[in-house]
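Worth saying up front: this structure is predicted, and the values here are computed from it rather than measured. Numbers here are sequence positions counted from 1.
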Amino acid sequence: MARIRDTDACPGALQVHEAADGPLVRVRVPGGMLTAAQLVTLASISSEFASATLELTGRGNVQLRAVTDVVRVAETVAAAGLLPSVTHERVRNIVASPLSGRVGGNVDVRPWVAELDAAICAEPRLAELGGRFWFSLDDGRGDVSGLHADVGVHMFADGPALLLAGHSTGIRVTDVCQSLVGVALRFLDVRGKAWRVGELSNFDDLVPGALRGAALPPAGRAPVGWIPQDDGRVTLGAAVPLGILPARVAEFLAAIEVPLVITPWRSVLVCDLSEEVADTALRVLAPLGLIFDDNSPWLAVSACTGSPGCAHSAADVRADAAQALDGGHPVHRHFVGCERACGSPVDGEVLVATGTGYRLLRS
């Protein structure tokens with residue numbers, strides 16, 4: 001679908017969205033990588049100036065709802081190192097294989113995250129990208145390539161390959177970050193009315209010789225539970241029901257003082273733990289509502305904001321999703337309040353509220 005507006009309304013930390021429950025701030029977190037100190041900051045400002053919850057997004061970013069002091073929040077986010085560019089803060093959407101460099105994969109993509117973030121911010125024209133345009137860096141395991149970001153690379157055993165809208169192109173790249181930046185710049189030249197790469201009719205117009213090959217398959221669910229790292233340490237994967245992380249629980253996560261990763265499946269990875277610390281952390285965090293069971297029905301449902309936070313919604317979809325937990329349902333279900341279907345995953349069923357129930361919007 002081509003864009004129907006000429007200005008981008010996607011929120012950031014500076015340009016906020018006026019939701020039904022107040023200003024909404026979206027903080028970009030490239031690669032989902034947060035320090036404990038940064039998570040403490042986000043939890044603190046949410047408790048003091050917002051809804052006392054952190055919303056985890058499908059791009060591994062963090063939202064604050066019902067913000068009472070937008071200026072103070074922006075200043076605090078910047079001081080925490082989460083706002084390195086005023087001009088480019090809404091286009092720093094980078095997803096990366098969350099376990100990269102710790103478990104498996106053909107390459108550690110974490111250095112690419114920092115390099116790509118800096119390259120995006122250094123190119124003035126890329127500030128013109130829409131706030132939903134995103135980049136993916138897949139270390140070869142096929143987790144984030146299957147999310148169908150606008151522009152990405154997939155690290156095969158013989159080197160990195162370019163992906164466009166999650167489709168293979170048949171093109172190998174050498175300088176990963178500069179290649180991605182170059183494609184994004186070319187998109188600005190050829191996009192016409194399009195906001196997203198998937199809206200283009202011909203990939204060859206974007207990258208000469210690019211094929212619209214097969215789409216990489218969806219990635220599946222969040223990595224949860226006890227995950228042994230290649231170096232003998234442990235990562236704990238914690239699913240967050242409906243992506244709503246209470247600020248108090250975030251403070252407990254930060255108190256462990258290890259690297260954290262927000263995943264595109266609205267979960268949190270607590271990384272680089274000794275077995276003893278991991279065991280203690282698991283005993284503390286599980287009773288707080290975080291999910292460490294790979295068979296939990298919470299991993300098979302998601303929802304948009306819904307009522308009362310969104311004026312477009314016909315229902316409190318989060319409450320309805322919570323009531324619809326069914327461990328035997330064969331596919332993921334995403335509940336939405338209107339046909340815009342915000343936050344819908346690549347695969348599974350999307351159920352839209354009708355005011356009297358739900359109907360299947362997509363399967």
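Atom CD1 of Ile256 is separated from atom CG of Leu273 by 6.5 Å, given to the nearest 0.5 angstrom. Rounding to the nearest 0.5 Å gives a distance of 8.5 Å between CD of Gln63 and CD1 of Ile244.
By the side chain to side chain contact (heavy atoms under 4.5 Å, CB included) test, Arg221 pairs with Asp294, Leu299, Ala300, sequence neighbours left out. Annotation: side chain to side chain contact (heavy atoms under 4.5 Å, CB included) contacts of Val107 (sequence neighbours excluded): Val109, Trp112, Asp139, Met155. Evaluation of the salt bridge (Lys or Arg N to Asp or Glu O under 4.0 Å) rule for Arg172 yields Asp158 as partners, not counting sequence neighbours. Taking the salt bridge (Lys or Arg N to Asp or Glu O under 4.0 Å) definition, one finds that Asp21 meets it with Arg65, sequence neighbours left out. Judged as a ring pair (Phe, Tyr, Trp, His ring centres under 6.0 Å), and not counting sequence neighbours, the contacts of Phe156 are His154. Take Ala324 and apply the side chain to side chain contact (heavy atoms under 4.5 Å, CB included) test, not counting sequence neighbours, and it matches Arg333, Phe335. Not a single salt bridge (Lys or Arg N to Asp or Glu O under 4.0 Å) links Asp347 to another residue, sequence neighbours left out.
Under the side chain to side chain donor-acceptor pair (under 3.5 Å) criterion, the residue pairs touching residues 229-245 are Gln229-Asp231, Gln229-Thr235, Gln229-Asp272, Asp231-Arg233, with sequence neighbours excluded. Under the ring-ring contact (aromatic ring centres under 6.0 Å, His included) criterion, the residue pairs touching residues 113-135 are Phe133-Phe135, Phe133-Phe187, with sequence neighbours excluded.
Under the 4.5 Å side-chain heavy-atom criterion for ILVMFWY residues, a single connected hydrophobic cluster contains both Leu260 and Leu42. No single ILVMFWY cluster, assembled from side-chain heavy atoms under 4.5 Å apart, contains both Val27 and Leu116.
Listed for the Arg92 side chain is no donor-acceptor partner under 3.5 Å among the backbone atoms of Pro30. Proximity of a side-chain donor or acceptor of Arg186 to a complementary backbone N or O of Asp205 within less than 3.5 Å is detected. With hydrogens and angles ignored, the 3.5 Å screen pairs a side-chain donor or acceptor of Arg141 with a backbone N or O of Val103. For Ser47 (side chain) and Ala43 (main-chain N/O), a donor-acceptor pair under 3.5 Å exists by modelled atom type. Listed for the His88 side chain is no donor-acceptor partner under 3.5 Å among the backbone atoms of Arg125.
Salt bridge status for Glu55 with Arg318: present, with a side-chain N to carboxylate O gap under 4.0 Å. Classification of Glu339 and Arg359 as a salt-bridged pair holds, one side-chain N sitting under 4.0 Å from a carboxylate O.
The other members of the hydrophobic cluster of Val336, by chain and number, are Val350, Val352, Leu361 (side-chain heavy atoms under 4.5 Å, ILVMFWY only). Hydrophobic cluster of Val71: no remaining members, since no ILVMFWY side chain lies below 4.5 Å from it. Think of Leu216 as one node in a network of Ile, Leu, Val, Met, Phe, Trp and Tyr side chains linked at under 4.5 Å; its network also takes in Leu163.
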